[in-house]
Number of protein chains: 2
Amino acid sequence: MRKNYSKQREEIKQAVLEHRTHPTAEEVYGFVKEKDSSASKSTVYRNLHELVAEGVIQKVVLPQGIFIFDGDVSEHSHAVCKKCGAILDIPLALEKAQQAMAAEYGFQMSSYHVLLEGLCKNCTE
Amino acid sequence: MRKNYSKQREEIKQAVLEHRTHPTAEEVYGFVKEKDSSASKSTVYRNLHELVAEGVIQKVVLPQGIFIFDGDVSEHSHAVCKKCGAILDIPLALEKAQQAMAAEYGFQMSSYHVLLEGLCKNCTE
DNA sequence: TATAAAAATGAAAATAATTCCTATTTTTTA
DNA sequence: TAAAAAATAGGAATTATTTTCATTTTTATA
């Protein structure tokens, strides 16, 4: 277990936790640059990867193949607005699916990713 | 509407429809090459893209960001085996989610993507 | 059928996101 | 405080995909 976080590591972690917008690596890099202009991209990518491995943040892929980072590591799903791109966290649980998958397919489901697409509240008003 | 399919276009379509393994673009390229060694990658990518736009096949992204192609365009979900990589089609419908999303978040859900991960039957035996 | 116009192709270059490499800097340890 | 370990910046390398474009193939039509 790592005892201390380096300055950059802490800034990268905070950038993901504070910005609840589900930033991409590039966006995290932008946030970190604001505070420490000497920060490099490789450090951002490396630390994001390590934070994911530690379970501090999670990496989610959007249907277009873009990766976003989420400071909320609890099991939840996402809804992406096709117009503004906003990403909502939704507590959509698929516990029932676990048993159904085992019973019907003999598939031992260990995790799931649900991604909804549509229009968010703002974009339909 | 396109009347006829070119030779390559037809081979590319067939490769996706016949191989129910959910191939990547690279794999489709491999299948097409077997029948027509002169086929190029750009043609495979272009046609896959067009077939998706036409709704003949669909493109799905896996959590690692890899794109796979599916000849079954009906709304269904996928379960990926973490051991062997097998991809199962599963009729997991989220109709209820549609109303719930509208009622709770004002989100007009138009489509969804569900991806389960775990171990398939073969890999647990 | 011959031919002009349109569409599709192959090959290679360009792109974009991410990972890798490495010399240097920073931090930790004792 | 010195040696060892860890982390960094910056750039090169990688990989999957897209774009470009000259050539080939197909289609339409005179």
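Each chain gets a letter, A, B and so on, in the order the sequences are listed, and its residues count up from 1. Side-chain atoms are counted along with the backbone in the values below, which use heavy atoms only and exclude waters and symmetry mates.
- A straight line from CG of B/N47 to P of D/dT18 spans 13 Å, rounded to a whole angstrom.
- In this structure, B/R46 places its CZ atom 13 Å from P of D/dT20, rounding to the nearest Å.
- Between B/T43 and C/dG10, a side-chain N or O to OP1/OP2 separation shorter than 4.0 Å is present.
- For the residue pair A/H113/B/E117, the side-chain donor-acceptor check at 3.5 Å is satisfied.
- Put simply, CD on A/Q64 is 13 Å from P on D/dT18, counting in whole angstrom units.
- Considering CD of A/Q8 and OG of A/S38, their distance stands at 6.0 Å, rounded to 0.5 Å.
- At whole-Å resolution of the value, CZ in B/F67 and P in D/dT15 are 18 Å apart.
- When the C1' atom of D/dT8 is taken as reference, atom CD of A/E11 falls 13 Å away, rounded to whole Å.
- Atom-to-atom, CD of B/E50 to P of C/dT9 comes out at 8 Å; the value is rounded to the nearest Å.
- Within the 4.0 angstrom heavy-atom criterion, only backbone atoms of the sugar-phosphate kind lie near B/S38; the bases stay farther away.
- With rounding to the nearest 0.5 angstrom, the NE2 atom of A/H78 is 7.0 Å from the CG atom of A/D72.
- Among the heavy atoms of the strands, none lies under 4.0 Å from B/E26.
- Of the listed nucleotides (C/dT19, D/dG11, C/dA11), C/dT19 has the atom at the smallest distance from the side chain of A/Y45.
- Distance, A/Q8 CD to C/dT27 P: 9 Å, rounded to whole Å.
- For the pair B/E10 CD and C/dT9 P, the computed distance is 12 Å after rounding to whole Å.
- The base of C/dA8 has none of its N or O atoms less than 3.5 Å from a complementary donor or acceptor on the side chain of B/S6.
- Hydrophobic clustering (side-chain heavy atoms under 4.5 Å, transitive across Ile, Leu, Val, Met, Phe, Trp, Tyr) keeps B/I68 apart from B/F31.
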